[in-house]
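Down below is the structure, laid out as structure tokens.
Computed from a prediction, not measured in an experiment: that's the story for all the values here. Both counts, for ligands and for their atoms, begin at 1 and track the order of listing. All heavy atoms count here, side chains included; hydrogens, waters and symmetry mates do not.
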Amino acid sequence: MIDLTPYLRRGDRIVFGQACGEPVSLVSALIEQGGQVGDLSAFIATSFSGLFTLESADSFRLSSMGAIGALRSMTKAGKLQVIPVHVSQVAPMIAAGIIGCDVAMIQLSPADADGNHSCGLIGDYVRAAVDKARVVIAEINEAVPYVPGELIPASAIDVAIPVSRPPVEVAPAKIAATDEAIARHCAAYIGDGSVIQTGVGAVPDAILRLLGDRRDLGVHSGMLGDGLVELAEAGVLTNARKEIDTGVSINGALIGTRRLYDWAHNNPAIRMCATSYTHDAAVLGRLSRLVTINSALEVDLTGQVNAEQSGAAYLGGTGGQVDFVRAGARSPGGCSIIALSASAKGGSLSKIVPTLSGPVTTARSDVDIIVTEYGAAELKGQTLAERTRRLIAIADPAFREELERAAHIIQQRGY
Ligand SMILES: CC(=O)SCCNC(=O)CCNC(=O)[C@H](O)C(C)(C)COP(=O)(O)OP(=O)(O)OC[C@H]1O[C@@H](n2cnc3c(N)ncnc32)[C@H](O)[C@@H]1OP(=O)(O)O
């Protein structure tokens, strides 16, 4: 195991590459050795490695922009502090020193003939961390694909650690009947030439499976999963009609399995980008027919969306939701969809609620379309009363009467 202590100072603030770009060897070493250095803090946006546990939290203080993946249990135990921030703002905050970055710990592909390493599986805030850090420690993993796009020159790396081990993989989620029903309603908004932004998981995968008969789909997304490979191989994903990056799928994170990583290796049809490109309003504003699809925990009867907390429990995150909701809703011929199941906890809890139990992630003035397994509620430009009617129509039938009663009280009282 690499000895990190010569490179670290007491009180250092560390930024880790995230998701499947997590530098597993470096994180493991820091968990072992952090206590010897003392007073360390670290930021990571999401983690699927399983390395962050309640015990590992003793080595350094951890913060994140949400409670995604394995980070959820740490948030619950008070071992992880959440910074509410749009994905588009993480890199600028690192650059400005608001999210401290004395040390960048990242995972990269082997270098090309020009001495440049590909960011491989994660673009997003890696470059910002490299530019800001006093020390850049990079795990050079020969199992990481060389994905065209965001490159880090060898000269920017202070400590290069060669490793050879499979990078973190996230297996495709199991698709349930509810996911399929949600996907059908979402897919109705995706036509020939649409440009898709979506996350990874059961609903996005179910949507992609329904698009086999579309022509010339495009992608401009914060992340891509295995589901995209099939569409690309079937000739459906051509990016041919995009106004910018024609012929190329734009993304900031590959979250999937070896199948996706092999497909992306040296593939000119995909570009790994920083969030300053994937989530930037000016870039997104140049795309027509952009359909953005994100998820949530709750939606209230006026269309306010909560993707972060259920009561005191932090379960999700702000993510790129607002960046993409605004972009989709403004894109000519495009739209933005918030897709969620109508109920949680085995049907015992409605996700369409009179009042949110947590914060507003997407404002009702930004919201466009809400989809559940019972249909789509188009809210943009609708009055509060009409929104309430449309949202109750897509709520779980078991809760509709209760929601009608609550709506009546809200309407008498005034919204
Ligand atoms: C690489 C990058 O770009 S980083 C950006 C990462 N993305 C984000 O941060 C986006 C933020 N969004 C999210 O975190 C997710 O989409 C969520 C949390 C909003 C929804 O996640 P999903 O997994 O689709 O929701 P799902 O319905 O499966 O519920 C997840 C859990 O929350 C619980 N839950 C969901 N809704 C509710 C609710 N209204 N009340 C209570 N609990 C709820 C579920 O029971 C489930 O719990 P379990 O895991 O113990 O079974």
Side-chain angles (χ1 to χ4, degrees), residues 16-22 43-48 64-73 75-76 82-91 119 121-126 168 170 173-176 178-179 182-183 197-206 221-225 251-256 272-275 278-279 292-300 305-325 337-359 361-362 371-373 395-396 399:
F16 293 121
Q18 63 140 333
C20 300
E22 184 177 327
F43 174 87
I44 190 164
T46 65
S47 176
F48 305 101
S64 179
M65 51 176 244
I68 316 290
L71 302 180
R72 193 180 284 172
S73 58
T75 318
K76 204 171 166 189
V82 174
I83 302 169
V85 54
H86 302 304
V87 167
S88 61
Q89 295 308 303
V90 174
C119 277
L121 302 177
I122 194 80
D124 69 353
Y125 55 75
V126 167
V168 175
V170 175
K174 214 167 150 237
I175 297 172
T178 305
D179 303 317
I182 294 170
Q197 174 273 320
T198 184
V200 294
V203 169
D205 283 352
S221 193
M223 54 179 93
L224 295 180
N251 95 108
L254 293 178
I255 300 182
M272 179 61 72
C273 297
T275 49
T278 52
H279 289 67
T292 70
I293 304 161
N294 292 279
S295 190
L297 298 170
E298 294 175 326
V299 179
D300 82 5
V305 177
N306 166 19
E308 296 167 67
Q309 272 173 256
S310 168
Y314 208 101
L315 301 174
T318 33
Q321 183 172 120
V322 175
D323 297 318
F324 289 129
V325 161
I337 298 171
I338 299 290
L340 73 175
S341 55
S343 64
K345 309 273 178 206
S348 64
L349 204 63
S350 178
K351 291 192 184 180
I352 309 281
V353 291
T355 313
L356 298 181
S357 72
T361 308
T362 291
V371 163
T372 72
E373 63 270 37
D396 186 324
F399 294 99

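For atom 51 (O) of ligand 1, the nearest protein heavy atom is 4.0 Å or more away. The presence of a protein heavy atom under 4.0 Å from atom 15 (C) of ligand 1 is ruled out. At a distance under 4.0 Å, a protein heavy atom can be found next to atom 35 (C) of ligand 1. Contact annotation for atom 32 (O) of ligand 1: protein present (non-hydrogen atoms, distance under 4.0 Å). Within 4.0 Å of atom 22 (P) of ligand 1, not a single protein heavy atom is present. Put simply, atom 25 (O) of ligand 1 has no protein non-hydrogen atoms near it, under 4.0 Å away. Inside a 4.0 Å radius of atom 39 (N) of ligand 1 there is at least one protein heavy atom.
No donor-acceptor pair closer than 3.5 Å links the side chain of Gln309 to the backbone N or O of Pro359. Remark: the backbone N or O of Ile44 is not paired with any side-chain donor or acceptor of Tyr125 at under 3.5 angstrom. Under a 3.5 Å cut-off, the side chain of Gln321 and the backbone N or O of Ser295 do form a donor-acceptor pair. No donor-acceptor pair under 3.5 Å is formed between the side chain of Thr372 and the backbone N or O of Leu340. A donor-acceptor pair under 3.5 Å links the side-chain atoms of Thr292 to the main chain of Phe324, judged by distance alone.
Residue-to-ligand polar distances keep Thr318 apart from ligand 1: every N/O pair is separated by 3.5 Å or more.
Between Gln18 and ligand 1 there is a heavy-atom distance shorter than 4.0 Å. Using a 4.0 Å heavy-atom cutoff, Ala296 is listed among the residues neighbouring ligand 1.
Of the options Leu297, Leu315, Leu121, the smallest heavy-atom separation from atom 42 (N) of ligand 1 is shown by Leu315. Atom 6 (C) of ligand 1 has its nearest heavy-atom neighbour, among Met223, Gln309, Lys351, in Met223.
When each of Asn294, Asp323, Asn251 is paired with Gln197, the side chain to side chain donor-acceptor pair (under 3.5 Å) condition holds for Asn294 and for no other.
Leu71 contributes atom CG, which lies 12.5 Å from atom CG of Leu315 (distance to the nearest 0.5 angstrom).
You'll find the side chain of Leu254 reaches within 4.5 Å of the side chain of Leu224, heavy atoms only.
Close contacts of ligand 1 with Gly316, meaning ligand atoms under 4.0 Å from a residue heavy atom, involve 14 (O), 18 (C).
Closest to atom 11 (C) of ligand 1 among all protein heavy atoms lies Gly317 O, 3.1 Å.
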